[in-house]
Every structure is written in C-alpha cells, then in structure tokens.
Trainee: 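The structure under discussion is supplied below as structure tokens; questions concerning it will follow.
A, B, ... follow the sequence lines: proteins, then strands. Residue 1 opens every chain.
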Amino acid sequence: MPELPEVETIARTLAGDLEGAVFENIEVRHICALEQPPEGFAKRLRGRRILSVGRRGKLLLLLLDGGYLFACHLRMTGRLYVPQPDDTPDNHTHLVFTLRRPDGRTFPLFYRDVRKFGACRVHTPEELACWPFYATLGPEPLAMSAADLAARLANKRGRIKAVLLDQKVVAGLGNIYVDEALFRAGIRPDAIPASLSRKRVARLHNAIQEVLQEAIAGCGSSIRDYVDGRGNAGSFQNSFRVYGRAGQPCTVCNTPLVKATIAGRTTVYCPHCQQK
DNA sequence: GTGGCCCTGTGA
DNA sequence: TCACAGGGCCAC
C-alpha cells in the first residue's frame, strides 16, 4: 500500500504524538505482525522512549533511546496510527501499544493490517545492518542526483519499470509513483534503461522528484486502505495522470491510456506521449 | 526475468 | 465466482 510519500506522511503525522513518549505496554494480539518472538519484541520496547520518527524508503522507523530502532514495513494494507477515541481494536488490529507522554497522560497506538503482509521489528543498528532488505536498500530518490540515477541505470537489464520498482536500485518507489513518473518523463515502462539518453534519464530523475514532492504535499494517495498517523486519508489520488486510468484519455493528448503487465504489476501508460 | 505465493476484502 | 489490490520473496 504505502509508497514513499505515504510513509513520509505517516512519519510526519506520528512525530508530534510519538516523539518523547514512552512505550508503557505492548499487547500482541496476532504474532503475524512480528518478525521476531513476541517476548523479545515487547521486552525491547517496554519503558523505551521514542526520540524521533522517520523513514528509509518505504520503511517506517522509530528511533528509540538505548540505540534501538523500531522498524515497520506496512506492505500493502498495514497502518500504524493513533486511533480516535471511538476506534476500538478489531480482528485486524494486531498490535495495541500504550504510550505515556512526558506529562504523564497515556494514549494508544494501533498497528492494523488486513492482509497480514506487513511486519514490525525492534533492532539495534548492528542487527538492522544484518537485515538484507535494509542493508541493500538503494539511495533515497529525493536525495539522489541525476548522475546517481544514471549510474544506477547504466548497466541494468530488464525494463525500466521493473528496475525502478527494485528497492535496491532506488528506495521507496512503488507501482503508483513509477507509473506516474514514467508518464511525466515521457518514457515507456518497457523501455530498456541502458538505451535511455543522458537527457532522458535527467528528465526521469526530475519527474521522480517532482511526483514524490507533489504527493507528499498532498499527504499521499488513498486508494482504499491508506491513512496517515492520525487516521486521515491523503489527496494525491485525485492527481493521478495514468495510475488507475486505463482506457481513459491521456491528460495531454487524449489518446486512450493502455494497460499492460510489467514485473507482474498492472501498468498504465500513454502510447503516444511515452516512447521507448 | 516471470509467476506464484503470502492474506483478506471488494467490486465487477 | 473471479480478478485484482500502494509489496517483497522464492522457486523455476
């Protein structure tokens, strides 16, 4: 579900509530939500203060005192949020945390995941570095230069869409924003990276940064499940130019947008505006 | 590389 | 009833 803009929005909206708060209680209602034994998970969290809330790629990260890191990958339907008073845990609420603010008041934090693909873990930095997914994450797209991107694409086989979805190449892009960035860059999703001119890679780099920044400004995209750290939906789904618009006219040239499958994912593009 | 799989819900 | 869904991993 959440790609970089959604995770960034979750981190920003959680920060105000979570930073400075202490994990007082951890209720594990379903162990599917954990990548490690529940006892160790709870033991490591209990009594620990949250220093900051951030992310790396699509991974949500809470920096804790004692050098521990709470890492949460929401995958497709995961949510980590501070519930409204009338929101009670249901069958999909797998973790219920109780946090204590510096002023002594307590509040709940829910981890909910309908499809159970997501998971949380608490690690030391050394342990985190041993986690292959984390250790091999590519650069942050918003902190990457056009030359960085060009260098990363230079010797890649396969189609550009599949390459951009690879978190080892760039961290944080998913199905929505790859399609949107390729449209803005005028590049067909089945183009071969090595065949792209320097100029077109620069245009792609610009398109990636532009679409991610706009999506963050819009607080992410809510198709069905995504909500931020306070349970609110995003708005960038209203600005999609290709994602979910197969068969509809291109916003630029009116040509009907085409649907294809690339890297096992539904892909939408304009056969006129986007070229190999 | 591609396809299947993990899992549940939704909409055609 | 079936196809499909913001992801990532593993076996062909």
Side-chain angles (χ1 to χ4, degrees), chain A residues 1-11 29-35 55-60 71-81 90-94 111-121 131-138 141 153 155-183 189-194 208 211-212 214-216 218-229 232-247 259-268:
Chain A
M1 155 196 107
E3 304 181 31
L4 188 153
E6 289 75 34
V7 182
E8 177 67 28
T9 303
I10 293 168
R29 296 162 53 93
H30 203 309
I31 56 167
C32 71
L34 301 182
E35 295 273 13
R55 61 153 194 89
R56 173 79 173 94
K58 302 175 192 172
L59 202 59
L60 190 60
C72 181
H73 201 309
L74 303 168
R75 294 286 189 102
M76 297 287 267
T77 53
R79 300 174 169 191
L80 188 70
Y81 68 103
D90 64 12
N91 285 339
H92 302 303
T93 311
H94 308 312
Y111 173 78
R112 186 170 183 274
D113 185 5
V114 170
R115 292 177 71 180
K116 300 190 177 84
F117 289 167
C120 304
R121 52 219 291 162
W131 178 21
F133 174 79
Y134 184 84
T136 62
L137 278 175
L153 297 182
N155 52 5
K156 286 289 180 301
R157 295 178 166 276
R159 296 172 283 189
I160 185 68
K161 167 147 185 178
V163 172
L164 292 175
L165 284 174
D166 184 348
Q167 302 299 295
K168 297 181 181 68
V169 175
V170 186
L173 295 178
N175 205 31
I176 292 178
Y177 298 106
V178 167
D179 274 15
E180 293 294 320
L182 288 171
F183 173 76
D190 56 351
I192 303 304
I208 290 170
V211 75
L212 292 177
E214 286 177 25
I216 291 170
C219 297
S221 307
S222 295
I223 312 288
R224 35 163 63 85
D225 294 293
Y226 162 73
V227 291
D228 68 18
N232 298 314
S235 68
F236 194 71
Q237 67 279 4
N238 300 316
S239 303
F240 291 164
R241 299 185 191 171
V242 286
Y243 181 86
R245 296 193 66 244
K259 179 155 79 170
T261 298
I262 294 180
R265 316 297 300 278
T266 297
T267 302
V268 184

Trainee: Within the 3.5 Å criterion, strictly below it, is a donor on A:Y134 or A:Q167 matched to an acceptor on the partner's side chain?
Mentor: no
Trainee: Name the closest nucleotide to the A:T266 side chain, picking from C:dA5, C:dG8, C:dG6.
Mentor: C:dA5
Trainee: Quick one: does any side-chain atom of A:E180 pair with a main-chain N or O of A:Y243 as donor and acceptor, under 3.5 Å?
Mentor: yes
Trainee: What pairs with A:Y81 under side-chain hydrogen bond (donor to acceptor under 3.5 Å, both in side chains), at least two apart in sequence or on another chain?
Mentor: A:D87
Trainee: Polar atoms only, N or O, under 3.5 Å: list the protein pairs with nucleotides 10-12 of chain C and their distances.
Mentor:
none

Trainee: Run the side-chain hydrogen bond (donor to acceptor under 3.5 Å, both in side chains) test against A:R121 and tell me which residues pass, sequence neighbours left out.
Mentor: A:H123
Trainee: Who passes side-chain hydrogen bond (donor to acceptor under 3.5 Å, both in side chains) against A:E8, sequence neighbours left out?
Mentor: A:R12, A:R55
Trainee: If you look at every strand shown and take non-hydrogen atoms under 4.0 Å, does A:R157 touch a base, only sugar-phosphate, or nothing?
Mentor: sugar-phosphate
Trainee: Which residues satisfy the salt bridge (Lys or Arg N to Asp or Glu O under 4.0 Å) test with A:K58, sequence neighbours excluded?
Mentor: none
Trainee: Can you list the residues that meet the side-chain hydrogen bond (donor to acceptor under 3.5 Å, both in side chains) rule with A:R29, with sequence neighbours excluded?
Mentor: none
Trainee: With sequence neighbours left out, what residues match A:R56 under salt bridge (Lys or Arg N to Asp or Glu O under 4.0 Å)?
Mentor: A:E140
Trainee: For DNA chain C, which residues in residues 164-171 of chain A have a heavy atom at a distance below 4.0 Å?
Mentor: A:Q167
Trainee: Dot-bracket, 5' to 3', for DNA chain B please: Watson-Crick or G-U pairs under 3.5 Å, [ ] where pairs cross earlier ones, | where the partner sits on another strand, dots elsewhere.
Mentor: ||||||.|||||
Trainee: Can you name the side chain to side chain contact (heavy atoms under 4.5 Å, CB included) partners of A:A119, sequence neighbours left out?
Mentor: A:E35
Trainee: Quick one: list whatever passes salt bridge (Lys or Arg N to Asp or Glu O under 4.0 Å) with A:D166, sequence neighbours left out.
Mentor: none
Trainee: Which two nucleotides bound the region of DNA chain B that has atoms under 4.0 Å from heavy atoms of chain A, read 5' to 3'?
Mentor: B:dG1 to B:dG9
Trainee: Would you check if there is a donor-acceptor pair between the side chains of A:N238 and A:S235 at a distance under 3.5 Å?
Mentor: no
